[in-house]
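Notes follow once the structure below has been shown.
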Amino acid sequence: MSDPLLELDDVYKSYGEEQVLSGVSFEMDAGDVDVVIGPSGSGKSTMLRCVNRLTEINGGDIYLDGDCITDADTDVNELRKQVGMVFQDFNLFAHLTALGNVTLGLRKVRGMDKATAQEQGYEHLEQVGLLDQADSYPAELSGGQKQRVGIARALAMDPKLLLFDEPTSALDPELVGEVVEVMRDLAAEGITMLVVSHEMGFARSAASDIIFLDDGQIVEHGPPEQLFQNPQAARTGEFLSRLETAHEEE
Amino acid sequence: MGTPESTTSGRTLRARAAGLTDQPLTLLTVGVFWTWLVVRWTNDFLLDGALIERNTSFFPVGPFEAAASTLGALAASLGPVGFPVRWLAGFFEFLAASIPYLPQLATGVWATILLTVLGIALGFLIAVPLSVARVYGGSATRLLALGYTELFRGTPLLAQLFVLYFATPLTTIIRELPAVGAGFIPAQAFWVAVIAFMLNSAAYQSEYIRSALNSVPEGQLTAARAIGLSKVDGIRHVVLPQGLRYAIPGWSNELVYLIKYSSLASFITVRELFERTDAIASETYRYTELFVLAGLLYLALVISASLVMEYVEDRVAIPGLGTTSR
């Protein structure tokens, strides 16, 4: 049995007095798509940011492909080449075109020459269906297009793991579909994804596992059929039914 | 940051605010001004007075004097109602009186321009790291940068000039350098002034750039770090290209100030525009004409600088980013 691709082992994180993560542990294998759900303030985004060390943990260990990445001597830039991230509010580089956004990392981190980087950049834009917007600046793109560029930018680094931090929650409802579709394609291609999202359609159809996080702890962790139809913990059931109601109201 | 239109539809649909570049008369005046300057400098510095003798003006005084006296006579014959004609005669008198001094003033303008451009450009090279240190540095670096900025913004520029000129061995060192003071390369006092303006302007420029860097959203650097760029590379490739664009309007202000503050260099004997004007005026006692003329030349320089900055701003404009403030 090979190592899991990602392993969180008893991870703690606090901001001052406030405990955000209290002993979070889980594993995911290469090719898995894990969706993290939970009420706001439950530590979902913090957990994600710990994985590429945008946030430093206070206790426990995180392993990527068998290597402990929370050691003090880990090169964070090396780590981030292997772990891509897609942000809630896109964070596209505002001064660069869509192509420029995708190729910046290839050129300045991977050290590719401009032509090679652009060739790859076009491929990744095509992957998210935005080849025709290669020369558009972020301000000229719709929210859905921005997020697809954000995904292409993360993909371009050829990461072992892609982190999605609420990728659709800043989008108008009619733009969610195009982003979810791209994510579904990636899942089908076998890209390992850790997704914080309440997009239940995506969670049901694409997730290998659902992780329900509440109050900095994993309350329940299991395949979507089990978690959605037969939640073991009372809190999971409550949360899901609240989510259900919220969706019906929309 | 702009209006909703500018962030969603970009450059093409944004109604561009009218600027100096849209005014033909301004462009024409600035064009004539620069043609005169360049021909004058070429003749004086490069061709050794081949077109016309160094201190002789291109423009004859005669016709202006004639116009002035004709109009003066006309005004006198019109009596009390002739005052507008009297003013016109005065204008021609002013021109006739000013023309002989134009060549010397053109030499002063050369020094003023060189002083300003070198001061602001070299200052910029210091200002960028200084502002980055202020925004992204550790506590020690921040304090150091803050100390520098406060020292040079908080003491008079004139005092800085005096300290560098009189209290440091800079003058002696620069004097020994080859080519200093030969042809169109100015003498040592000029270079001391350049150093002073560089140090002083760096402090002011860094403040403009610092506030511009602060207006770049934090997520930009986070995203840069997330693709594996180091902090320094993230600042260099992501934050600065945006921040410097935001800084353009404020920075242009500093350029305009420096053009005029460069006149302080006259106190340490730099032969720039103000010093030349003052020197000629004290010889000829034509203070009014000369200082009006100097004022007009400074104005022409300032308008030229604004035109250049408008052009730069347009050239580097990116849809949704930055400077619609004009």
Side-chain angles (χ1 to χ4, degrees), chain A residues 45 48-49 51-55 75-98 100-111 135-143 145-146 149-150 152-159 162-165 170, chain B residues 1-16 128 136 209 212-248 312-325:
Chain A
S45 293
L48 216 56
R49 294 167 74 94
V51 175
N52 65 354
R53 288 189 55 181
L54 285 177
T55 298
D75 180 344
V76 288
N77 297 327
E78 237 4 88
L79 162 69
R80 288 171 188 157
K81 283 188 206 171
Q82 302 173 40
V83 182
M85 187 162 205
V86 175
F87 297 90
Q88 177 175 2
D89 37 15
F90 328 125
N91 288 348
L92 291 188
F93 304 133
H95 66 300
L96 296 175
T97 60
N101 266 275
V102 179
T103 53
L104 184 71
L106 294 175
R107 294 175 57 196
K108 305 300 176 193
V109 179
R110 295 249 186 253
D135 296 325
S136 301
Y137 285 95
E140 300 170 320
L141 298 172
S142 74
Q145 290 172 327
K146 279 184 204 170
V149 174
R153 175 174 71 181
L155 273 178
M157 302 304 290
D158 195 20
L162 260 187
L163 307 172
F164 289 80
D165 187 6
Chain B
M1 279 288 283
T3 54
E5 297 92 290
S6 73
T7 48
T8 53
S9 60
R11 181 163 30 180
T12 42
L13 294 180
R14 191 178 84 208
R16 206 173 133 277
V128 170
Y136 296 102
I209 299 171
L213 290 181
N214 277 329
S215 63
V216 176
E218 228 181 291
Q220 293 288 315
L221 187 57
T222 310
R225 305 289 330 255
I227 59 170
L229 285 169
S230 67
K231 189 171 173 185
V232 170
D233 281 345
I235 292 169
R236 182 166 145 219
H237 298 300
V238 174
V239 178
L240 277 176
Q242 298 180 35
L244 290 179
R245 283 181 168 87
Y246 289 134
I248 292 175
V312 170
E313 205 176 326
D314 272 1
R315 272 305 295 271
V316 303
I318 283 174
L321 193 78
T323 57
T324 52
S325 57

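Labels below follow one simple rule: chain letters A, B, ... track the order of the sequence lines, proteins then strands, and each chain is numbered from 1. For clarity, every value in this text was computed on a predicted model and none was experimentally measured.
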Side chain to side chain contact (heavy atoms under 4.5 Å, CB included) against A/Ala152, all qualifying residues, sequence neighbours excluded: A/Val102, A/His124, A/Leu125, A/Val128

Measuring heavy-atom distances to chain B, does [X] have an atom under 4.5 Å in its side chain, in its backbone, in both, or in neither?
| X | result |
| --- | --- |
| A/Arg110 | neither |
| A/Phe87 | side chain |
| A/Val83 | backbone |

Greatest number of heavy atom pairs closer than 4.5 Å to chain B - which of A/Lys81, A/Met85, A/Lys108, A/Met157: A/Lys108

Donor-acceptor check, side chain of A/Asn101 to backbone of A/Leu96, threshold 3.5 angstrom: yes or no?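 Yes.
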
A/Asp75 backbone acceptor or donor facing A/Arg53 side chain under 3.5 Å: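 Checked: no pair found.
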
Do any side-chain atoms of residues 219-231 of chain B form donor-acceptor pairs under 3.5 angstrom with protein atoms, and if so which ones, sequence neighbours left out?
from: B/Gln220; atom 1: OE1; to: A/Ala94; atom 2: N; distance (Å): 3.3
from: B/Gln220; atom 1: OE1; to: B/Gln242; atom 2: NE2; distance (Å): 2.7
from: B/Gln220; atom 1: NE2; to: A/Leu92; atom 2: O; distance (Å): 2.7
from: B/Thr222; atom 1: OG1; to: B/Glu218; atom 2: O; distance (Å): 3.1
from: B/Arg225; atom 1: NE; to: B/Leu229; atom 2: O; distance (Å): 3.1
from: B/Arg225; atom 1: NH2; to: A/Asn77; atom 2: OD1; distance (Å): 3.4
from: B/Ser230; atom 1: OG; to: B/Asp233; atom 2: N; distance (Å): 3.2
from: B/Lys231; atom 1: NZ; to: B/Tyr136; atom 2: O; distance (Å): 3.1

